[in-house]
Structure formats: structure tokens, C-alpha cells
Amino acid sequence: MSYETVFYALGTENTITVEKNDKTGAVERAVERVLEIDEKMSAFKETSEITKISRNAGKSPVVVSEDVYYVLEKALEISRVSNGAFDFTIKPLTRLWGFGSGRDCVPDISEIICSKAQVGYQHLTLDANAKTAFLNKSGFSIDLGAIAKGYAADETKRILMEEGIDSALINFGGNIIAMGNSPGGSPWKIGIQNPLLDRGSKALTLEVSGKSVVTSAVSERFFIEDGVRYHHIISPTTGYPALSGLLSVSVIDDSSLLADALSTAVFVLGMEKGLELIRKYRSEAVFITEAGEIFSTYKLN
Ligand code: AMP
Ligand code: MG
């Protein structure tokens with residue numbers, strides 16, 4: 001028998017599934033921890049640390065928690081190594097496009113140009129001694145939507161493991177950690193969505209033990225205007241949804257934070273440069289191209 005806990009946080013539905021009845025309260029503590037991370041890192045909550053940093057852009061450094069400092073450090077690293085394909089200062093563009101807000105129309109090109117000028121990870125300064133974060137240009141703002149779910153999943157895994165839970169499935173809006181093996185002792189089977197079909201239609205299934213699988217795809221958040229699909233992963237260079245020849249990238253790694261950030265970065269970079277990044281981190285990836293081809297560095301059955 002498995003026990004599933006469903007809760008809403010980080011802008012999505014999340015589930016934690018454990019196999020034994022958890023009498024230690026570990027799942028409950030994990031949920032609280034995720035809600036705490038959401039409070040700190042949400043770009044939508046008025047009181048979050050991320051909102052505070054954005055409000056003080058061009059004005060003053062903000063003292064942040066260990067959590068926010070750690071995730072910003074990692075976000076800065078992935079922004080640098082991906083040459084800005086991943087850019088956590090993408091907020092002016094994601095606000096403009098408004099995926100998930102119901103606006104669902106292509107913004108004016110002049111607005112895209114304006115917002116694009118307010119994106120650039122180089123404008124974040126972190127001070128390790130003072131534990132501060134400073135956006136040194138006004139109008140700049142942060143969106144951790146491509147990395148925070150991964151961190152929250154890693155923290156959930158840590159809390160479950162501390163209580164001796166070694167088999168569980170963590171699914172934060174498609175950001176998955178397959179802890180240990182499935183109840184029968186075989187690897188977990190993780191379905192990868194066919195990016196062009198309805199939710200639930202699988203393109204392939206991965207067998208995974210003790211790793212995270214995170215997918216960035218055109219099917220997560222999108223709208224269609226004049227027959228063109230506009231999705232939620234934005235190229236910081238063009239200001240438009242990234243067109244890199246890929247429909248979906250799944251990254252498989254021990255760290256869900258890394259898999260999350262890399263999947264977004266690789267989606268924007270495309271297959272060739274994306275593969276270089278995957279190799280650099282000794283990570284693994286499954287690509288689905290626009291032509292519908294599947295290319296994988298991970299063993300497929
Ligand atoms: P993911 O689903 O992990 O690929 O993350 C996509 C989310 O990250 C979007 O909904 C935005 O909030 C944000 N985002 C979009 N484009 C980028 C980008 N190029 N770099 C970093 N974050 C992005
Ligand atoms: Mg991501």
C-alpha cells in the first residue's frame with residue numbers, strides 16, 4: 001500500500017508518495033519545508049526574499065537566508081556556464097509573457113525589447129560574508145521558476161532520508177525524484193510526456209533508481225496564437241520562447257536542483273551545446289527534437 005500526500009506550492013501541484021505509513025511525521029515536515037522555500041523564493045509573493053531583492057534593485061543589497069543565498073549561487077553558476085541561456089533575471093520577460101496568468105497573447109515587440117534590456121544575470125552581486133544579494137540596476141528582477149522546484153525536491157529527499165525513508169516518489173509539478181527502488185524492488189518507471197500530445201501521453205518511459213528526472217518542454221505552459229505555439233521557456237537573447245530545435249529535454253542527475261537548472265539551460269541551448277553542458281556536469285539527458293526523434297545519453301530499455 002502506498003501513501004500519497006498532495007499539496008499546492010511553488011505554483012504547481014506536488015505529490016510525495018511513500019510506501020510505508022509514515023509514523024515519524026517526515027512527510028509533514030517535508031511539506032512544511034517546501035512551503036517555507038516557496039515563501040522565500042516565490043517571485044509572486046509580496047513578502048518573499050526574492051521580491052525584496054527585486055524591489056531593492058539599483059538601491060541596496062538585501063540580507064538573505066542560507067536557502068536563498070545557496071540557490072542564487074547555483075543559479076548564477078548555471079547562468080555563467082550556459083552563457084546566459086539560463087538566466088534567473090528573466091522576470092521582466094516572464095512577467096510580460098504572463099504564462100499561466102491567462103493573458104495568452106503575444107506581447108508587442110517594443111515591449112519585448114524593453115523587457116529584454118532588463119535581463120542580465122551579471123547584474124547580481126552576492127556577498128558571501130554579509131550574506132547579501134544585490135541587483136545593481138533598477139528595473140531588474142528575479143524568477144527562480146527554473147530551479148526552485150529542484151531545490152525543494154532535494155530538501156524533501158533529505159528530510160525523508162533522515163527518517164530512514166529510502167523508497168519514495170517525489171513529484172513537484174513534473175520535477176521528479178525517484179528515491180531508491182519501487183516497492184517491488186525494481187527501478188521506478190518514469191513516463192516522459194509526448195510534448196505534442198495531450199497530458200498523460202507518454203513518449204517513452206525511463207527506469208530510474210535513486211535519481212532525479214526533470215523535464216523542460218513546450219508542453220508545460222503554452223498558448224497557441226495564429227497556429228503558432230508559444231511556450232514558457234524564454235530565450236534571454238531574443239525575448240521570445242526559445243526555438244532551439246527541441247521540444248523536450250529531460251535531465252537525469254543525483255541533484256534535482258542541478259537537473260532542474262540544466263534542463264532549462266539545455267532546452268534554450270539546443271542539442272549540440274546542450275550536450276556539452278550535460279557532459280561538463282557528468283549528467284545525463286533525453287532529448288526530443290522537433291522532428292520527433294528521441295536522442296538519449298541515458299540507457300533506454
Ligand atoms: P523549467 O520548467 O524548469 O524549464 O522552467 C521554466 C520556468 O523558468 C518558466 O516558467 C519561467 O518562470 C522561468 N524561465 C523561463 N525562461 C528561462 C530562462 N531562459 N532561464 C531561467 N529561467 C527561465
Ligand atoms: Mg528547470
Side-chain angles (χ1 to χ4, degrees), residues 10-14 38 41-45 48 50-51 54 71-72 74-101 103 112 115-116 118-122 124 140-154 171-177 192-193 195 212-223 230-244 246-253 255-270 273-274 277-278 281 283 285 287-288:
L10 305 159
T12 186
E13 191 177 281
N14 309 290
D38 194 14
M41 298 190 194
S42 168
F44 297 100
K45 293 190 196 296
S48 79
I50 290 305
T51 301
S54 301
V71 173
L72 283 175
K74 294 287 178 192
L76 201 50
E77 175 188 324
I78 302 297
S79 299
R80 286 189 183 123
V81 296
S82 70
N83 281 321
F86 177 99
D87 192 321
F88 59 90
T89 65
I90 198 85
K91 180 72 182 166
L93 281 168
T94 50
R95 189 191 296 123
L96 179 65
W97 281 91
F99 289 98
S101 72
R103 192 169 334 134
I112 290 178
S115 299
K116 200 157 67 90
Q118 293 177 319
V119 175
Y121 65 90
Q122 302 87 342
L124 181 82
F140 274 54
S141 48
I142 295 174
D143 173 351
L144 294 179
I147 190 169
K149 286 207 288 281
Y151 180 62
D154 284 335
N171 183 348
F172 292 174
N175 203 302
I176 290 165
I177 296 182
I192 304 295
Q193 167 75 31
S212 176
V213 181
V214 183
T215 302
S216 288
V218 298
S219 47
E220 283 170 51
R221 285 186 179 170
F222 68 94
F223 63 85
Y230 296 91
H231 60 77
H232 71 142
I233 305 169
I234 309 291
S235 158
T237 317
T238 64
Y240 283 82
L243 291 173
S244 64
L246 295 173
L247 295 179
S248 166
V249 180
S250 304
V251 176
I252 303 105
D253 200 277
S255 157
S256 195
L257 176 145
L258 186 62
D260 193 3
L262 283 181
S263 70
T264 310
V266 169
F267 185 94
V268 177
L269 285 171
K273 289 201 175 127
L277 196 56
I278 291 296
Y281 279 93
S283 205
F287 304 81
I288 303 178

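Just follow the structure's listing: the first ligand is 1, and inside any ligand the first atom is 1. Keep in mind that the numbers below use all heavy atoms, side chains included, and drop hydrogens, waters and symmetry copies.
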### Summary
Checking heavy-atom distances from atom 11 (C) of ligand 1 to each of Leu93, Val119, Asp143, the winner is Asp143

#### Entry: Numbered atoms of ligand 1 (with element) below 4.0 Å of Ile233, judged on heavy atoms
4 (O), 15 (C), 16 (N)

### Task
Could you say whether the N/O atoms of Ser263 and ligand 1 ever approach to under 3.5 Å?
no

### Query
Judged by atom type as modelled, is there a donor-acceptor pair below 3.5 Å linking the side chain of Trp97 to the main-chain atoms of Gly239?
yes

#### Entry: Contact check, side chains of Ile90 and Pro236, non-hydrogen atoms, under 4.5 Å
yes

### Aromatic ring pairing Tyr121/Phe88, orientation class (parallel under 30°, perpendicular over 60°, tilted between)
tilted

### Message
Below 3.5 Å, N or O to N or O, backbone or side chain included: is there any such pair between Thr94 and ligand 1?
### Response
no

#### Entry: atom 22 (N) of ligand 1 - nearest protein heavy atom and its distance
Ala146 CB, 3.4 Å

### Query
What's the shortest distance from atom 10 (O) of ligand 1 to any protein heavy atom, and which residue and atom give it?
His232 ND1, 3.0 Å

### Task
Look at Ser216 and state whether any of its N, O or S atoms is less than 2.8 Å from the Mg ion (ligand 2).
no

### Message
If the contact criterion is a heavy-atom separation under 4.0 Å, does Ala75 count as touching ligand 1?
### Response
no

### Message
If you define the side chain from C-beta out and look only at heavy atoms, does anything of Val213 sit under 4.5 Å from Ile192?
### Response
yes

### Message
Would you say the Mg ion (ligand 2) has Ala259 as a near neighbour, meaning an N/O/S atom of that residue under 2.8 Å away?
### Response
no

### Query
Taking the side chain from Ser235 and the backbone from Pro241, do they hold a donor-acceptor pair closer than 3.5 Å?
no

### Residue part near ligand 1, for Glu220, under 4.0 Å between non-hydrogen atoms
side chain

### Summary
Logged contact type for Ala85 with ligand 1, heavy-atom cut-off 4.0 Å, is backbone

#### Entry: Numbered atoms and elements of ligand 1 in range of Asp260, under 4.0 angstrom, heavy atoms
3 (O)

### Task
Output yes when the distance from some N or O of ligand 1 to some N or O of Asp87 is under 3.5 Å, and no in every other case.
yes

### Query
Would you say Ser216 and ligand 1 have an N/O pair spaced under 3.5 Å apart?
yes

### Query
Between the main-chain N or O of Ala259 and the side-chain N or O of Asp253, is there a donor-acceptor pair closer than 3.5 Å?
no

### Task
Examine distances only and state if a side-chain atom of Ser115 and a backbone atom of Ile112 form a donor-acceptor pair shorter than 3.5 Å.
no

### Query
Is it true that Phe99 lies under 4.0 Å from ligand 1, counting heavy atoms only?
no

### Task
Side-chain contact test, heavy atoms from C-beta onward, threshold under 4.5 Å: evaluate it for Tyr151 versus Leu144 and give yes or no.
no

### Task
Decide whether an N or O pair under 3.5 Å exists between Ile234 and ligand 1.
yes

### Message
Out of all atoms in ligand 1, which are within 4.0 Å of some heavy atom of Thr264? Include the element for each.
### Response
1 (P), 3 (O), 4 (O), 5 (O)

### Message
Within the 4.5 Å heavy-atom criterion, are Met41 and Ile147 side-chain neighbours or not?
### Response
no

### Task
Number the atoms of ligand 1 from 1 as they appear, then name those within less than 4.0 Å of a heavy atom of Pro236, with their elements.
19 (N)

### Message
If you take the centroid of each ring, where Trp contributes its six-membered ring, are Phe223 and Phe99 closer together than 6.0 Å?
### Response
yes

### Query
Is any side-chain heavy atom of Thr12 less than 4.5 Å from a side-chain heavy atom of Asn175?
no

### Query
By number and element, which atoms of ligand 1 are closer than 4.0 Å to a non-hydrogen atom of Ile90?
14 (N), 22 (N), 23 (C)

### Query
Does the side chain of Val249 come within less than 4.5 Å of Leu262's, by heavy atoms?
no

